[in-house]
Amino acid sequence: MTKTILITGATDGIGLETAKLLVSAGHHVLLHGRNSDKLEQLITTLSTLSRTSKLESYVADLSDLANVEALARAVIDKHDTLDVLVNNAGVFKTPYPITEAGFDVRFVVNTIAPYLLTQCLLPLLGQGSRVVNVSSAAQASVDLQALRGERRLPDSAAYAQSKLALMMWSHRLARVHQNPMIVSVNPGSMLGSKMVKEGFGVAGGDLQIGANILKRAALEDAFADASGKYFDNDSGRFAPPHPDGLNVQKCQRLVETLEVVLAKHTQ
């Protein structure tokens, strides 16, 4: 059955490779990126992989929450339902770690933007739908002051905390909403994405490792009942995350903090 699937950060890395797999399988794929030229080139490239797959492109800078809301509205304007949302876009090292609004860009892109996008698209995500959140093996207890933009963190700490925060709100929303299924996935450590190459100066592993598990999480029955869980592709199984990721009180406080941040955004 053909699925309608939105992938953020689809113009390079694991997002791109995942898009190729899904397009080749004939699905209707909505491609998000920051650069309109790269998206146009991507549409041209992916169009050669399947005669039946439908493709759409959406431009948005996920470090700007107004852009996130605009992305959601654009998808809602064209679609009544969405089968899968893959929150893949992420940031590690950047020359501009603080947004104009004063937040750490890792928290904005890796945590807040996917939370906001998921919340905005919930009306489209009905029974049997899925949200696949691309997390990481790098996980560290979240400093809520840093999340609120009140404290600065080094790159590695900001990244690890933002990825655990992503997992924590996934766990919380899975407890609150019967649909969609929400799962966090570590696609594999040190795969050869632009993020890994620029952040660590190494070539990294085969991106197909990450793309294959994201495709499985989006489509396979093995993930149908995975809501609130964490899949660690380094070990090839569902596994316990950082202890904070399953702490009900901490997950609730984190979501409450996200709502405070979003409330300030709308003021």
Once you round to the nearest 0.5 Å, how far does [atom1] of [X] lie from [atom2] of [Y]?
{"X": "Leu30", "Y": "Leu71", "atom1": "CG", "atom2": "CG", "value": "9.0 Å"}
{"X": "Ile43", "Y": "Leu55", "atom1": "CD1", "atom2": "CG", "value": "4.5 Å"}
{"X": "Thr11", "Y": "Lys38", "atom1": "OG1", "atom2": "NZ", "value": "4.0 Å"}
{"X": "Ser135", "Y": "Lys163", "atom1": "OG", "atom2": "NZ", "value": "6.0 Å"}
{"X": "Met181", "Y": "Ser170", "atom1": "CE", "atom2": "OG", "value": "10.5 Å"}
{"X": "Leu254", "Y": "Arg172", "atom1": "CG", "atom2": "CZ", "value": "11.0 Å"}

For Gln139 and Tyr230, run side chain to side chain donor-acceptor pair (under 3.5 Å): C-alpha distance rounded to whole Å, both residues' side-chain angles, the deciding distance at 0.1 Å, then the answer. CA-CA 12 Å; Gln139 303 167 22; Tyr230 166 64; 3.2 Å; yes

Would you call Arg253 and Glu256 a salt bridge, taking side-chain N to carboxylate O under 4.0 Å as the test?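 No salt bridge links Arg253 with Glu256.
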
Salt-bridge test for Asp104 and Arg151: reply yes if a basic N is under 4.0 Å from a carboxylate O, no otherwise.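 Salt bridge absent between Asp104 and Arg151.
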
Which residues satisfy the side-chain contact (heavy atoms from CB on, under 4.5 Å) test with Asn87, sequence neighbours excluded?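 So Asn87 forms a side-chain contact (heavy atoms from CB on, under 4.5 Å) with Thr8, Leu85, Pro114, Leu117, Thr118, Val131, Asn133, Trp169.
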
Might you work through the side chain to side chain contact (heavy atoms under 4.5 Å, CB included) test for Leu21 and Gln208, ending with a clear yes or no? CA-CA 9 Å; Leu21 292 179; Gln208 287 298 315; 4.0 Å; yes

Donor-acceptor side-chain pairing of [X] and [Y] below 3.5 angstrom:
{"X": "Glu259", "Y": "Tyr115", "value": "yes"}
{"X": "Asn186", "Y": "Asp232", "value": "yes"}
{"X": "Ser129", "Y": "Asp83", "value": "no"}

Is it the case that the ring center of Phe223 lies less than 6.0 angstrom away from the ring center of Phe238?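 Yes, the ring of Phe238 comes within the 6.0 Å limit of the ring of Phe223, centre to centre.
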
Please check if the side chain of Ser50 supplies one atom and the backbone of Ser53 the other of a donor-acceptor pair under 3.5 Å.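 Indeed, once roles are kept as given, a pair shorter than 3.5 Å links the two residues.
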
Is there a donor-acceptor pair closer than 3.5 Å between any side-chain N or O of Asn233 and the backbone N or O of Ile209?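 Looks like yes, one N/O pair under 3.5 Å.
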
For side chain to side chain donor-acceptor pair (under 3.5 Å), just list the numbers for His32 and Glu56, CA-CA rounded to whole Å, side-chain angles, deciding distance to a tenth of an Å, and then say yes or no. CA-CA 9 Å; His32 157 264; Glu56 299 176 22; over 6 Å; no

Can you name the closest pair of heavy atoms from [X] and [Y] and give their distance?
{"X": "Leu62", "Y": "Ala89", "value": "CD1-CB, 3.7 Å"}
{"X": "Val183", "Y": "Ala217", "value": "CG1-CB, 4.5 Å"}
{"X": "Arg130", "Y": "Pro180", "value": "N-CB, 4.0 Å"}
{"X": "Ala174", "Y": "Ser227", "value": "CB-OG, 3.3 Å"}
{"X": "Pro187", "Y": "Ile14", "value": "CG-CD1, 3.8 Å"}
{"X": "Leu31", "Y": "Ala19", "value": "CD2-CB, 3.7 Å"}

Can Ser63 and Tyr96 be said to form a side chain to side chain contact (heavy atoms under 4.5 Å, CB included), step by step? CA-CA 11 Å; Ser63 69; Tyr96 306 104; over 6 Å; no

Same cluster or not: Leu246 versus Val185, using hydrophobic residues (I, L, V, M, F, W, Y) connected whenever any side-chain heavy atoms lie under 4.5 Å apart?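 They do not share one cluster, since no chain of ILVMFWY contacts under 4.5 Å joins Leu246 to Val185.
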
Verify the cluster assignment for Ile76 and Leu125: are they in a single hydrophobic cluster under the rule of side-chain heavy atoms below 4.5 Å apart?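 Yes.
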
Set out, in order, the CA-CA distance, both residues' side-chain angles and the distance that settles side chain to side chain contact (heavy atoms under 4.5 Å, CB included) for Glu150 and Phe103, then state yes or no. CA-CA 8 Å; Glu150 298 167 1; Phe103 296 100; over 6 Å; no

Would you sort out whether Asp244 and Lys250 count as a salt bridge (charged side-chain N to carboxylate O under 4.0 Å, His left out), showing the intermediate values? CA-CA 7 Å; Asp244 288 0; Lys250 288 185 177 182; 3.1 Å; yes

Are Asn110 and Leu166 close enough, and set up right, to give a side chain to side chain contact (heavy atoms under 4.5 Å, CB included), and what steps lead you there? CA-CA 7 Å; Asn110 301 349; Leu166 173 70; 5.9 Å; no

